[in-house]
Amino acid sequence: MTATASLTAPQPHADLNLLSDTDFRAAVRGWIATNYPQDLRSPPKRLHAAEAMPWYKILSQQGWLAPGWPREYGGMGLTPSKLLILIEEMERYGCARLPDTGVTMVGPLLIAHGTDAQRAYHLPKILSGEVIWCQGYSEPNAGSDLAALRTSAVREGDQWVINGQKVWTTLGMDAQWIFVLARTNPQAAKQKGISFFLVPMDTPGVTVRSIINIDLHDEFAEVFFDDVRIPADAIVGAVNEGWTIAKNLLGFERLFLGSPKQSEGALDHLERLCDHLGKRGDYASLLNGLRMELEDHKSFYTTFADKVRRGDTLGPDVSMLKINQSALYQKIADRIMDVAGELGTLAGQVPDAPTLYPGSVFLQARPTSIYGGSSEIQRNIVARQVLGLGR
Amino acid sequence: MTATASLTAPQPHADLNLLSDTDFRAAVRGWIATNYPQDLRSPPKRLHAAEAMPWYKILSQQGWLAPGWPREYGGMGLTPSKLLILIEEMERYGCARLPDTGVTMVGPLLIAHGTDAQRAYHLPKILSGEVIWCQGYSEPNAGSDLAALRTSAVREGDQWVINGQKVWTTLGMDAQWIFVLARTNPQAAKQKGISFFLVPMDTPGVTVRSIINIDLHDEFAEVFFDDVRIPADAIVGAVNEGWTIAKNLLGFERLFLGSPKQSEGALDHLERLCDHLGKRGDYASLLNGLRMELEDHKSFYTTFADKVRRGDTLGPDVSMLKINQSALYQKIADRIMDVAGELGTLAGQVPDAPTLYPGSVFLQARPTSIYGGSSEIQRNIVARQVLGLGR
Amino acid sequence: MDVVNATGEDRLEGLRMLVGSAAGVAARDGDLKAVRQLRFGRPGLDRGRWSEISAMGWLGLRLPEAAGGAGLGMAEYAALTGEVGAALLPEPFIEAQLALDLMGKDAPAEALSGDRLILPAWLDAPDGLTIAGDITEAEGRISGRRRFVPMAAAADAFLVVSSEACWLIDAKAAGLSLEIEDTVDGGHTATLILDGVEADRLSAPDAKALEAAALATASALLGIMERAFAITLDYLKTRVQFGQPIGHFQALQHRAVDMEIEIGLTRAVLHDAIEAFDAGDDCRRITSRAKARAADAAMLVTREAVQLHGAIGYTDEADIGLFLRRAMVLAPRYGSAGFHRQRYGSLTEGRP
Amino acid sequence: MDVVNATGEDRLEGLRMLVGSAAGVAARDGDLKAVRQLRFGRPGLDRGRWSEISAMGWLGLRLPEAAGGAGLGMAEYAALTGEVGAALLPEPFIEAQLALDLMGKDAPAEALSGDRLILPAWLDAPDGLTIAGDITEAEGRISGRRRFVPMAAAADAFLVVSSEACWLIDAKAAGLSLEIEDTVDGGHTATLILDGVEADRLSAPDAKALEAAALATASALLGIMERAFAITLDYLKTRVQFGQPIGHFQALQHRAVDMEIEIGLTRAVLHDAIEAFDAGDDCRRITSRAKARAADAAMLVTREAVQLHGAIGYTDEADIGLFLRRAMVLAPRYGSAGFHRQRYGSLTEGRP
């Protein structure tokens, strides 16, 4: 009998902070292996809400959907250290990413800045999977320059009237609610005068149009607001304070933008591709060099993860982690195309090796240097805020 | 009897434009092989004037010192096409670079903008080797920003009085004369109000201090001007028009900043180093990849050389040639250090292989991305003047 | 007139006219709606345009006049594939040309006229420029397999190639089956399974035809990157962020310059390779250099072009992604950069 | 107290104190005149400083307390070599330490006290971390050759190492000759020719001592790049061109960021490697990772540091070049990046 098997399976909603890190990891690993839907392992593309729902519900029933929320709000209340373990184990097993905007963004936002009524109404619906959220940040003319947004919200009586357009709304087609950054004071300086609103997607005047990405997947959407009227209490926090709230929304989640997971998956893909082509030996030196770079990136990641574990706040230097992750991921994806030959031209999987889809891996690696702040913007941030090279 | 040997050796001062390109190349190749001093072949560092003088004199006696000058001024008057052949053959044989500022810069300058008296006085002295020239362009606070120069020339009676400092004067220790860019109108905009002067180095107030470079060679000098008085006729061209003259001074010579010669030499060094280490096979793929890049660069070079051959003016796009040459040369030099192991740490030659000096090759490759306009400045030029991306 | 040996100026003038005439079919600035409409469909090309192409005499371009061709050289051929590449035409111009080159004087008139589209099937590995073996022939029927035949669903016939012979087979012949897969650019590629297919045996292939196809593909890749870069430059000049066109940011300017250098290098190498080809030299080394450089440069330039477009570049509705995806398909065709580097190395060994 | 197993906080506090105490001998911001004065001279180091170093107890750092050492771990050792690296001290601290590690309990007291400088001679190839063979021993005398012994002109004695044994020989012993070559940093390196040299045979070497030397060198390289980067940042903030500090130019900003990332990566890998070493694991793979990364990163950072200084960076009078030249010397020592990548690969084969 192994040490792992001797642990009792974790009970739903139990306080797992009481376990040691080692026991916690073993418990999590065992539970995932038992409960994760096998047909969802390492999906080639991001799952839509309907596809991911079985896993969403399983986590919900176990009380594991919101590992970072306090227990009083229905979360697991995990310490940062245990939260990282949970995420590592999920990544290791190939668990699909959920439509997680409600859990990672809306929940923490309402817990920190919402009213009691907002919390009472929204949090349970997120936890149950009844409501899927999406985000309304970017706009067509406010890409990297987020604060240049133009969507407006005007107070009329006891309502706010929203007009404008959002873009790059991840899984926007799947969501029932959206949170929206809108300009409430057009006279104020760029980052002032922005407020934060919660909007049901079925409000009259809201239109969604899906965007097909370069890998031909409808991962994103555009959302149009045409005289959309919402009640006065649909605002989160104070009027004109939305930018501050939005900026702080991503706390230690910024760590995950630099996670080695994507590079690891791509390198694994490259290795299997070399095996498939019978060329593992020919590419030994290439694979070894990339493996070392990946391991080095993991060491780099650990530096920042350790900060989170200690409960420290991540500084602007975490941007370096994302720059390096994007560069490495894309470098590996580029090498996949070099090695693949004609196999890299296929839109779908390789017929006689369906776990290989080199062209798709290559295309999926493209946006990583854009989303969450492009590598150029990240370098600007590091140059100014870490190195003090600002104008 | 080969075709080459059947040609009569070229007579001194003969008009070689009358030969076909093929015959010209053969004649030049034969003459160099017969006349070039063997101990000066492919020197590891730039030669000082005293070291290079034997070759200078041989060329002078043959009438080949100034291939680009018109025959009426004592040059060879070669067509651009033949001039390129001459240079190619000299590079191929490993002929050392001369202290050539007089030939490549001062001569053309005086021929275009000088007075008859200036031409009559200076040109013969350059051709005979009696006077070695150096240039006074850069200043400590006008590096990449050449037009920011501060050295001043003030008119007092029939004299100009020069004060200031020049730096990066190549072989400044070896020269008898210097040409100097100095500000003659401090009120004018940056590039206006600059004039061009000819100054004997033994004028009271001129001080020279050699600069040791990173490869520990005294290739450069600083030149200080402390109330240096020169006659009114020491100016070239009109007052305040020096910048225009200086800018046009480098015509098709800009081609040579992008010559594949340095990369070729470095790759040859790398190949010989691999042979010495018995690792030619291990590095076959590296060497092959670099060889292909070098051949590609030669094709690129040919594109621009063909323009010169046709008599066209080189545009700002020739900066791309220099960017690529610098990058390739430094890349090869970097690989030399990767391969060399402890041999790359030696300040001098490898004891049992004196034609190898990997550390020195690496260090000599460093400034190539700086002189003649840094790679950043060159990229700015291309972005603005070729791609139209200027502000 | 012997065009290949014409004097420089005459030939350049001819080239300019040829490229000018191409604009009617393959415009460098044409809109890409038609291209989009054909994506992921079958047969995936426009037979009307194919007729136009043949009517312009492009198909017999390199065949001697005696064989019904125009007797033009590699320079003219590559100039046209550059335009076809830039226009992102899905029609298999290079493949049809390759089939004609391989058949030479045996080429049927309906192929030259565009009425019969014959595609070559010569490869049985995911990479390379080596004609596959393993075709067995018995009583006028052939068996075997050929992979990666582009746009095979559109073919009226296939030219099956092995090192010893070529065979012409009808696309509807009994015993022939196709396994078709979509490619990322919206085209497709097929595996041909031949099981006792009735075939006309033709003479052995001239390997130089494949060199021509590789160079023609390099030129198509050059056309792709030139246009992708032009579109990107335009975007850099017009897209405003932080209060100014993004082309004012030095980091983006420098990346644009590096793209232009890659394009310039490709153009220069290709020029030298075409010259060597037309001079009749053994041009395998320089062909490898041209194809390797073009493949790598096209991937870099189109990748960067997408990146410089920011988020919009990652949507299917942005045209710029079409160029990346076509580059992905053409980069490995007739040998990937890696294959050609290796070939260059093995052809170089022992040379001074 | 068992330092290596002390709790995190106690150990960190100890490390901070150790680094603080190092500033007297090896200041991170010290001026480099003294370093320049010793360049290209013999013996090329400062015996006074060597005495100070030993007086601070650094030499016996890693030896057990029973053998007269301080019983500290790799973390402390690497912290000190980082400072020595940043200060560009020419004294062969790592080499002397390696000799002591190899001798262990046999280490003579004069070596620990700094009165006798013993340098190890273990290499006979231009690259690697493999102890050379080919030392023949007869009647207490040894013959053979060892290459690349740094700062050999300063040695009082050499520890000749082969895979089977170590031998201590006097630097003035009959039969020993040195062929000394200058190194680019102003130090030197020597080949030892041994022709029947009287020698004290000691026990066989523990190969882990070389792993420690490789990690210590990686840390020295980190110190070099940290300081070179700090100097460069300063320059970017103060040097004015085109009317503004050059650090305002985005292209230069981004290059500085890439340097900082390389430094961060090196620091992270080194941290993990040191932890593995002190935990007593087989740390050859991670040592290779640390040394390869440090060597490549130090070359990149110091190269870029010189480049970002513009023309002044290429003069010998600019201090920044000293860092590049020291990096050139330390990068291949105890195995180049290429060697360590190869070793990592061969140690990895067959692992899951």
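So you know, we letter chains A, B, ... as the sequences are listed, proteins then strands, and number each from 1. Keep in mind that this is a model prediction, so the values were computed, not measured.
- B:Q364 does not touch chain D: none of its heavy atoms, backbone or side chain, sits under 4.5 Å away.
- With a threshold of 4.5 angstrom between heavy atoms, D:L324 approaches chain B through side-chain atoms but not through N, CA, C or O.
- Interface check for chain B: of the options D:D185, D:L330, D:I312, the most heavy-atom pairs under 4.5 Å are formed by D:I312.
- Under the 4.0 Å criterion applied to side-chain N and carboxylate O atoms, D:R145 and D:D134 are not assigned as salt-bridge partners.
- Nearest heavy atom pair, residue B:K322 against residue B:T368, reads NZ-O, 3.2 Å.
- The most heavy-atom pairs under 4.5 Å with chain D, out of B:P351, B:G344, B:G348, come from B:P351.
- Per-residue heavy-atom pair counts under 4.5 Å with chain B were compared for D:R303, D:R255, D:E179, and the maximum is reached by D:R303.
- Using a 4.5 Å cut-off between heavy atoms, D:L252 contacts chain B through its side chain alone, with no backbone atom that close.
- When heavy atoms are compared at a cutoff of 4.5 Å, B:F220 does not approach chain D at all.
- Contact record, D:P92 with D:L45: CD-CD2, 3.3 Å, taken as the closest heavy-atom pair.
- Listed options B:V167, B:L216, B:L343 were ranked by heavy-atom pairs under 4.5 angstrom with chain D; first place goes to B:L216.
- The shortest heavy-atom contact between B:S369 and D:Y314 is OG-OH, 4.2 Å.
- When the candidates D:I246, D:V184, D:T191 are compared by the number of heavy-atom contacts under 4.5 Å with chain B, D:V184 comes out ahead.
- With rounding to the nearest 0.5 angstrom, the CG atom of B:L47 is 9.0 Å from the CG atom of B:L171.
- Near-neighbour residues of residues 331-342 of chain D relative to chain B, defined by a heavy atom under 4.5 Å from a heavy atom of that chain, comprise D:P332, D:R333, D:S336.
- For the set D:E181, D:H188, D:R147, D:Q307, the count of heavy-atom pairs under 4.5 angstrom toward chain B peaks at D:Q307.
- Remark: B:E139 engages B:K166 in a salt bridge, criterion side-chain N to carboxylate O under 4.0 Å.
- The pair B:R366-B:D334 meets the salt-bridge criterion, since a charged nitrogen lies less than 4.0 angstrom from a carboxylate oxygen.
- The pair B:R209-D:E317 meets the salt-bridge criterion, since a charged nitrogen lies less than 4.0 angstrom from a carboxylate oxygen.
- For D:F148, the part lying under 4.5 angstrom from a heavy atom of chain B is the side chain only.
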**Request:** Could you go through the side-chain contact (heavy atoms from CB on, under 4.5 Å) check for B:T170 and B:R46 one step at a time?
**Result:** CA-CA 10 Å; B:T170 307; B:R46 174 115 195 223; 3.5 Å; yes
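- Between B:D338 and B:R335, at least one side-chain nitrogen of the basic residue sits less than 4.0 Å from a carboxylate oxygen of the acidic one, meeting the salt-bridge criterion.
- B:Q325 and B:S263 are linked by a side-chain donor-acceptor pair at a separation below 3.5 angstrom, with hydrogens and angles left out of the test.
- Salt bridge present: D:D316 and D:R39 bring a charged side-chain N and a carboxylate O closer than 4.0 Å.
- Residue contact with chain B, scored on non-hydrogen atoms closer than 4.5 Å, involves the side chain of D:V306 exclusively.
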